[in-house]
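Following: one structure in structure tokens, then a few remarks.
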Amino acid sequence: MSKSARSSKLAELRALRESGKKRLDTYEVHQEEDLYEEVDEDGYKKVIRERLNQDDFVIDDNGEGYADDGREDWDRRQGYDSESEEDARPKGKNGKASKRKREEDKTKRENMDKGINNYFTKGPVVAQPKAKPVQTQADNDFMGDLLAEVDTNVLPRASRHPPKQLTRRTRALSPAIQSAESLSAKRVKLGDANDAPPAYDDDDGNFIGGMDDDVPMSDPAPSSPVQKAVERKAQVAIKAEEEDDYDAMEVAQADGIAAASVNMSGSRPVLKLIKPDPYLTPASSSPTRPLPEEVDASAWNNVTSRLNVISSSPPTDTRTYGKMDYKDAIEADGSLNMFWTDYTEVHGSLCLFGKVKNKKTGEYVSCFLKVDNILRKVFFLPRDNMYKHGRETSEEVDMEDVYKEVDSIMTRMKVGMHKIKPCSRKYAFELEDVPKEGEYLKLLYPYNKPALPIDLTGDTFSHTFGTNTSIFEQFVLWKNVMGPCWLKIEDADFTFLNNASHCKLEVQVATPNLITPLTESDSMEPPPLTLMSLAMRTTLNAKDNKQEILAISARIYENISLSDTTPAEQIPSRTITIIRPVGSSFPLGFEDLIKKKSRGLVKLCRQEPEILSFFLAQLDRVDPDVIIGHQLEGVDYSILISRLQTRKTPGWSRIGRFRRSDWPGSMGKIGGNFFAERSLISGRLLCDLANDAGKSTMTKCQSWSLTEMCNLYLSSGNNVRRDVDNEVALKTWATTKDGLVDYIGHCEADTYFIAALALKVQMLPLTKVLTNLAGNSWARTLTGTRAERNEYILLHEFHRNKYIVPDKAPFKGRPKMEQQDQEEEGGDAKKKDKYKGGLVFEPEKGLYDKFVLVMDFNSLYPSIIQEYNICFTTVDRTTLSDDEDKVPEVPTDQDQGILPKLIATLVGRRRQVKSLMKDKSATSEQLATWDIKQLALKLTANSMYGCLGYTKSRFYARPLAVLTTYKGREILRSTKELAESKSLQVIYGDTDSVMINANVDNVADAFKVGHEFKRAVNDRYRLLEIDIDNVFRRILLQAKKKYAAINLLEVDGKFVEKMEVKGLDMKRREYCALSKEVSSKLLNEILSGDETEVVITRIHDYLREISGKMREDLIPMQKYTIYTKLGKNPKDYPNADTMPQVQVALRELARGKTVRKDDVIAYIVTGDGKSANEPAAKRSHTPADVMKADSGLKADA
DNA sequence: TTTTCGCTGCCCGCCT
RNA sequence: AGGCGGGCAG
Ligand SMILES: [Mg+2]
Ligand SMILES: [Mg+2]
């Protein structure tokens, strides 16, 4: 038996199953011998490394933490230049322009009358014949019918007040015409200085003097909530201290938790169906017992019974139904404050969604703001010499020439309103023929005119920039809007819009100049939000093979402050559950029973369309700001959307806040259109615990199933979720009236779990702060894409510093060119695909029983970028040819670059926040807020490097990434050499760390060595810092990136031992719980430091005991479950035969379940004595199948 | 009218 | 040696 094979047997029992050539009993006996030998020889002699290396023992391992922190001086953010560099004199010819403008206005109006914009009124100044807040009759009918239905169907407890609602609506129907008119009049005054037609007065006026970023902002400070607080408290002592995330693992507890039964196959929870969790109550039933016909629902019923549930209907007297009266929202000066949370782009206008305060009731309600006349901004780079007929001439170009050409282009495009003027800009990106600084001609024109071609060149200009900039980007850069914040809106028009949205208040402004972001100094807290957590249950319609909705549960939390840290079970909530029967009717007596038992609103429907309509009505009533779920993206939400579309449900656009009548054309595609789906919900934030953003907040998870999340993050109290196989449930225990009540209870419990998790991991506060740092949109941050956040923070930063910014890559023609593409990029991509990264030392494998220090650079890559001033603006990459990955020179004598300065600011702010957290008098709420802030700053700084090497980033700069990793390798090597020069043994190192054998026997000496080395290293660098990450009492180094160690943690002045494991098989989800359990037990013994002989005996006994249990089937089946992700669709696997996951997936697929790309498959390898010669793939089954007693399936050993 | 998703290093398995 | 899977590590 090979050395590696033996060691893996020792580490885990997986091979037992996988290699299953032998019967369990014979196997066990054999294996036990082998294991014993190994342990005896190496582990227990406590010999030193050399000795171990001679032996066959193959223990070694290591790893590091990637996360970091950095320290740097507090850097004030660079001011936005206040020099009025460009005179704003209009160059357009006035008479002609205004004539053109009138034509344009006409076509504009015509356009707006079509399509979606038929909800907009036609002209702002025409006095509105009717009062503002109006619902269409159709709307009233729609809602009225549905809500009436609610009233007849509600449970006894759910009190409702239809009459009051009616009065409010009536009241809203009679707005003050007078003031609406006076407001319009005021607007006219604004534009009276020019000769534009009154209807569009604002255009010219603002066009000329207006939204020009070269005019100093009235509010130059970005909205950065922490900054002020940081400055106030700047004196607080700064202590560099880091407790960065590492995954220390408490082996002793592994048995309890790791066993959580999870099944990720398919979109629906597909799980076993056992009574009490066998891991928590080992005495429970045999793993192979028959499928229960009933389920013990007490677990989840207990959970929900403890919640703070309020009546299903909120008090209606203070609630606003229908539209609100704008007069209740405006300030004394007539302006409106709105906190924006989301946006959508419609026909050349930007539409913001958000909340405003109703000053009368004190409530916050949804608001829709349409911003018109945001202007495109295009920069033209003049040529040196004029081109004629495609050939360069000797005639020099001056600005007037460029102006003429651009103006003629505008004329050709029939763009009446435009402004052209020269300006100066810097450039630091990848186009080589663009000067670092130069004169440009800047063109402004409206977004309702088409974009110029991205690669447009002319006789007088060689490049155009900014042709395809999105409206949103244009807006946030111009107005310096950094994520969700309060906006002050002046001269808002409350009469322009009429039911363009589903918001309570609708506002239009004629120009973005009327909008100003409020800063921290205005000390306005973000408004509280309305959250709705969703849990759906679906069934497969066999006929057309589509998932249809069976039940939707929603739990509503109102008035949730982002900084509130109250656990979810204490927050008042109410539920709405909508369900239809699986067949034609509910079980007998179910209707009465559910009314008696339910604490929330339960609506019983006959068919799916009814569910959909009722759900929309509830959405309209609740008007949630955020919808929270588990696997919404691509699963629940996608199904919901597709059902709404299939069923042609009226009022479907209430899923979001933008009113739509027609489905987008791009929705037709199969597989779901991610972008189109997203745009439909705009106005409400989609918060998915299981998308990339959600996963990144729950790093301890391996499968990210809802059950696993609850186990790992809601462990306190009675928060255990039970997995339920939906299909099995519907066929068995949920077919009775009591069973169906429990089924609903499970669904409602899930809505609690989902909301509780989102609150616990602070997903909303974190994503909001990340968005505030980056200046993108909250909804995009919630999708979890880092690249876009990084892109926006750089866009803002370079824009403020007057740089031309790289344009978004024009979409690449993909469909054609198969062969050519392959050849062209094949050679190219092969080389270019990857560049060199981190350095990993060959480990000195073995067991160490002297103290070992882990010395780790804090935020290595961000620190390198600062230390060496690595930036687009500083590193000369013109000389290096595009062939190889030649490492560029480190810049010398350059001013601090934009990127290093940005990182320094982030790191400095983080240090300030962390110092605030040391304040003993801080409340838990403050601490939570600061912790989120601190984390967001770290994440933002750390994501910079990755995006430099991201091919599709607008700021892709491979040489900068190459230089950064190069310096990293250089630093790590020289750090190792420094250690060795001091006679310290470096046993391992990975990217940013060295592991040093301190060769001492007590903590104090170990720290002494560590501190000395730390000082020696840090003396060599300006900013770069190494620190003691861990002190290991003992370590077993098995291989690169694999080790187990006893880590010493200081707790209340004393040192506590804690097992830390990296990379070993027990950290992988492809290993079953039993294997992990055994592994941790063995590692615990090996690293216990106890007498060798004793340990050997204990291990021996333990293994004997385990194998005995295995033989007698005393081990719960779940402990054999293995998890594997399907990286592609099951059918796309070329050699599916040999892959157990794929076999299992295909079998599930064949039986009508949904298995898609990226699902995590759970399976158990089974085998009796006879089939042992078949490949493991054939013998793999889902846990649910194995559980069925009559399957005769047993776990293979 | 779109086509997403930070980087590299290292090890396991299967198939050419 | 390459490709494809798998998913740890930083
Ligand atoms: Mg590290
Ligand atoms: Mg580090």
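We name chains A, B, ... by the order of the sequence lines, and we start the count at 1 in each one. These values consider heavy atoms only, across backbone and side chains, with no hydrogens, waters or symmetry-generated copies. Nothing here was measured: the structure is a model prediction, and the numbers come from that model.
Contacts classified as side chain to side chain donor-acceptor pair (under 3.5 Å) and involving residues 1130-1142 of chain A (residues at least two apart or in different chains) are not found.
Phosphate proximity of B:dG9 to A:T991: absent, as no side-chain N or O sits under 4.0 Å from OP1 or OP2. For A:K836 and B:dT8, the shortest distance from a side-chain N or O to OP1 or OP2 is not below 4.0 Å.
Across all strands, A:A961 comes closer than 4.0 Å to no nucleic acid atom at all (heavy-atom distances). Within 4.0 Å of A:G837, counting heavy atoms only, lie sugar-phosphate atoms of the nucleic acid but no base atom. Backbone-only contact: A:M1139 has heavy atoms under 4.0 Å from sugar-phosphate atoms and none from a base.
Sequence order on DNA chain B of the closest nucleotides to A:R780 and A:G838 puts A:R780 first from the 5' end. Of the two residues contacting DNA chain B, namely A:K1157 and A:A676, the nearest-nucleotide position lying further toward the 5' end is that of A:A676.
A search for ring pair (Phe, Tyr, Trp, His ring centres under 6.0 Å) contacts involving A:Y637 returns nothing, not counting sequence neighbours. Among residues two or more places apart in sequence or in another chain, the side-chain contact (heavy atoms from CB on, under 4.5 Å) test is passed with A:T467 by A:V378, A:L452, A:I454, A:T464. The side chain to side chain donor-acceptor pair (under 3.5 Å) test applied to A:R1069 returns no partner, not counting sequence neighbours. With sequence neighbours left out, A:Y966 forms a ring pair (Phe, Tyr, Trp, His ring centres under 6.0 Å) with no residue at all.
Set against B:dT2, B:dC15, B:dG6, the side chain of A:R786 has B:dG6 as its closest nucleotide. Candidate nucleotides B:dG6, B:dC10, B:dC14 were compared by shortest atom distance to the side chain of A:C947, and B:dG6 ranks first. Candidate nucleotides B:dG6, B:dC11, B:dC7 were compared by shortest atom distance to the side chain of A:K1040, and B:dC11 ranks first. When each of C:A9, B:dT8, B:dC15 is scored by its nearest atom to the side-chain atoms of A:D990, the top-ranked nucleotide is C:A9. The side chain of A:F674 sits closest to B:dT4 out of B:dT2, B:dC15, B:dT4. For A:T1138, counting side-chain heavy atoms from C-beta on, the closest listed nucleotide (B:dC7, B:dT2, B:dC15) is B:dC15.
There is no side-chain donor-acceptor pair under 3.5 Å between A:T783 and A:D692. Judged by distance alone, the side chains of A:E633 and A:N691 do bring a donor and an acceptor atom under 3.5 Å apart. Between the side chains of A:Y956 and A:E430, no donor-acceptor pair is found at a separation under 3.5 Å.
Here the C1' atom of nucleotide B:dT1 and the NZ atom of A:K808 are 13 Å apart, to the nearest Å. For the pair A:L839 CG and B:dC10 C1', the interatomic distance rounds to 13 Å; values are reported in whole Å. Here B:dC10 presents its P atom at 9 Å from CD of A:E842, a figure rounded to the nearest Å. One interatomic measurement links the two molecules: CE of A:M667 to P of B:dT2, which rounds to 14 Å at whole-angstrom precision. For A:N673 and B:dT4, the CG to P distance is 11 Å, given to the nearest whole Å. Rounded to a whole Å, the CD atom of A:E791 is 12 Å from the C1' atom of B:dT4. The distance from atom OH of A:Y945 to atom P of B:dT8 is 6 Å, rounded to the nearest whole Å. Taking atom NZ of residue A:K845 and atom C1' of nucleotide B:dC10, one finds them 12 Å apart after rounding to whole Å.
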Quick test: give all pairs of protein nitrogen or oxygen and nucleotides 6-8 of chain C nitrogen or oxygen below 3.5 Å, distance rounded to 0.1 Å.
from, atom 1, to, atom 2, distance (Å)
C:G6, OP1, A:K1125, O, 3.4
C:G6, OP1, A:G1127, N, 2.1
C:G6, OP1, A:Y1133, OH, 3.0
C:G7, OP1, A:R1069, NE, 2.7
C:G7, OP1, A:R1069, NH2, 2.9
C:G7, OP1, A:K1125, N, 3.2
C:G7, OP2, A:R1069, NH2, 3.4
C:C8, OP1, A:R1069, N, 2.9
C:C8, O5', A:K1067, O, 3.4

